[in-house]
Undergrad: 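Provided herewith is a single structure, encoded as structure tokens, for subsequent inquiry.
Start at 1 and go down the list; that is how both ligands and their atoms are numbered.
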Amino acid sequence: MAASKKTGGLAGVTAGETHICTVGKEGAGLTYRGYDIYDLADNACFEEVAHLLVHGTLPTQAELDSYVAKIKSLRGLPAALRTVLEMVPGDAHPMDMLRTGVSFLGNIEPEGDFSNQTDVADRLLACLPSMLLYWHRFHTDGVRIETETDDDSVSGHFLHMLHDKAPKELHRKCLDTTLILYAEHEFNASTFTGRVITGTLSDMYSAVSGAIGALRGPLHGGANEAAMELISTFDTPEEATAGVQEMLERRDLIMGFGHRVYTTSDPRNVVNKKMSQQLADDVGNTTLFPISEAVEKVMWDEKKLFANADFFTASVYHFMGIPTHLFTPIFVCSRITGWAAHVMEQRADNKLIRPAADYIGPDLQQWVAIEDRA
Ligand code: COA
């Protein structure tokens with residue numbers, strides 16, 4: 001369905017104020033609470049960034065230690081939730097499973113009044129990877145895994161549950177960096193969905209369930225899975241160049257390219273691309289990275305479109321042995337921090353979000369009784 005040129009998906013429309021993030025602001029590609037994403041990616045761990053977003057400040061060492069300990073203590077899944085996860089079919093999409101898991105948790109651990117909102121955010125941050133990997137391992141390997149591991153980091157916990165062993169530090173660090181890069185992005189579709197739900201004074205679980213539904217689509221978070229499927233169809237860079245050219249001639253969308261706000265590049269891409277190359281070298285894969293680069297080149301040469309955060313993240317995850325259908329759910333395990341920050345910011349100065357529409361339907365019609373209709 002063609003979008004109206006007039007409304008254009010609210011492109012360029014300012015829909016509110018935020019203290020949390022800048023996207024594409026001149027001189028500062030992407031910042032979280034005033035900190036440049038490159039400083040965070042180079043120097044922070046994901047838990048520091050989570051603290052910055054959810055609790056408002058970069059933690060001191062003592063605060064970080066107690067935050068990490070708190071997140072570790074919240075990883076367990078109640079028996080009723082484990083039963084629900086076992087009932088969600090193994091061939092369901094894990095984004096659908098997470099949407100259900102979050103919604104169910106909202107039934108058994110309801111938010112109540114909003115005085116414990118940061119606890120709900122921390123609980124979700126801690127247990128989303130547990131939900132995802134409990135469900136995945138149950139249906140893939142027929143095992144009921146222990147979700148309370150000794151790993152301090154979310155990234156280590158995730159990879160440990162996935163592969164049943166403590167991860168290689170390079171893999172853990174790269175996953176951690178992608179979690180930092182994915183954590184927050186201003187009024188993107190899923191965050192805005194969460195803010196609209198929050199604006200009705202609904203609870204955090206409802207906002208996060210709705211946000212997961214918005215993130216699931218291939219025009220948003222689902223693009224990293226679609227990008228993986230695309231690059232997997234080619235065997236050589238030459239094939240990739242020719243294949244993408246054909247797709248562009250057919251006016252197909254190439255997932256992992258383009259952006260609503262950035263115009264010449266996505267600042268996250270340079271970090272992801274570097275990790276993709278590093279991991280390709282590490283696993284000795286000599287094809288996927290050059291294929292990805294060929295796709296990137298033809299997209300720029302033909303359309304002046306650049307790789308967004310999802311494109312090289314796909315090969316980064318692939319090289320560390322993560323199945324493709326878990327890519328978008330990893331985005332959830334990170335973006336929960338940005339979503340929670342926006343839920344709390346919306347609540348702090350709430351106004352129901354209810355825009356107007358220009359009516360373009362028929363003029364007032366004469367009522368026709370059912371027996372007289374043609
Ligand atoms: N592949 C091919 N063409 C693309 C494209 C892509 N990934 N992204 C944009 N274009 C084209 C559009 O077809 C359109 O061409 P036209 O003017 O000839 O009709 C033009 O570029 C402008 O795109 P438009 O759809 O108006 O931009 P938007 O701001 O509405 O869309 C996205 C932004 C992100 C939805 C869009 O770039 C896209 O669909 N990308 C692929 C999905 C993706 O990677 N999503 C993750 C975003 S982080």
Undergrad: Kindly identify the option in Met247, Arg260, Arg251 whose heavy atom sits closest to atom 29 (O) of ligand 1.
TA: Arg260
Undergrad: Hey, could you give me each pair passing ring-ring contact (aromatic ring centres under 6.0 Å, His included) that has a residue in residues 54-83? Not counting sequence neighbours.
TA: His51-His55, His51-Tyr67, His55-Tyr67
Undergrad: Considering distance alone, does some N or O of Phe257 sit under 3.5 Å from an N or O of ligand 1?
TA: yes
Undergrad: What part of Pro218, side chain, backbone, both or neither, has a heavy atom within less than 4.0 angstrom of ligand 1?
TA: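 Under 4.0 Å from ligand 1, Pro218 contributes backbone atoms alone.
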Undergrad: Just let me know how Asn308 lines up against ligand 1, side chain, backbone, both or neither, with a heavy-atom cut-off below 4.0 Å.
TA: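 The answer is the side chain.
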Undergrad: Which ligand 1 atoms are under 4.0 Å away from a heavy-atom of Met299?
TA: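 What qualifies from ligand 1 is 1 (N).
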Undergrad: Ligand 1 versus Asp266, non-hydrogen atoms closer than 4.0 Å: side chain, backbone, both, neither?
TA: neither
Undergrad: Would you call Leu175 and Pro167 a side-chain contact if the rule is heavy atoms closer than 4.5 Å?
TA: no
Undergrad: Show which atoms of ligand 1 fall inside a sub-4.0 Å distance from at least one heavy-atom site of Met255.
TA: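 The atoms of ligand 1 under 4.0 Å from a heavy atom of Met255 are 41 (C), 42 (C), 44 (O).
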Undergrad: Only pairs at least two apart or in different chains count here, so list each ring-ring contact (aromatic ring centres under 6.0 Å, His included) that has a residue in residues 242-279.
TA: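 Listed once each, the pairs are His185-His259, His185-Tyr262, Phe257-Phe311, His259-Tyr262.
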Undergrad: Count the heavy atoms of every other residue, nucleotide or ligand shown that sit under 6.0 Å from NZ of Lys165, and state whether that count exceeds 12.
TA: no
Undergrad: For the 3.5 Å polar cut-off, considering only N or O atoms, please tell me whether Leu248 and ligand 1 meet it.
TA: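 No.
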Undergrad: Short list, please: which atoms of ligand 1 are under 4.0 Å from a heavy atom of Asp252?
TA: 2 (C)
Undergrad: Relative to the ring of Trp135, is the ring of His325 parallel (under 30°), tilted (30 to 60°) or perpendicular (over 60°)?
TA: perpendicular
Undergrad: Test of understanding: given a 4.0 Å heavy-atom threshold, classify the contact between His259 and ligand 1 as side chain, backbone, both, or neither.
TA: both
Undergrad: Numbering the atoms of ligand 1 from 1, which are under 4.0 Å from a heavy atom of Asp310?
TA: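 Numbered from 1, ligand 1 contributes 46 (C), 48 (S).
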Undergrad: Between ligand 1 and Leu219, is the shortest N or O to N or O distance under 3.5 Å?
TA: yes
Undergrad: Could you label the plane-to-plane angle of the Phe331 and His220 rings as parallel, tilted or perpendicular, counting under 30° as parallel and over 60° as perpendicular?
TA: perpendicular
Undergrad: Could you go through Glu225 and His93, starting from their C-alpha distance and side-chain angles, then the distance that decides it, and tell me whether this counts as side chain to side chain donor-acceptor pair (under 3.5 Å)?
TA: CA-CA 12 Å; Glu225 295 180 24; His93 194 283; 2.9 Å; yes
Undergrad: Distance under 4.0 Å to a non-hydrogen atom of Ala223: what atoms of ligand 1 satisfy this?
TA: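 Atoms satisfying the 4.0 Å criterion: 43 (C), 44 (O), 45 (N), 46 (C).
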Undergrad: Kindly compute the distance separating OG1 (Thr18) from CD (Gln346), expressed to the nearest 0.5 Å.
TA: 10.0 Å
Undergrad: Would one find more than 12 heavy atoms of other residues, nucleotides or ligands at under 6.0 Å from atom CZ of Phe187?
TA: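 Yes.
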Undergrad: Which of the numbered atoms in ligand 1 are below 4.0 angstrom from a heavy atom of Gly256?
TA: 43 (C), 44 (O)
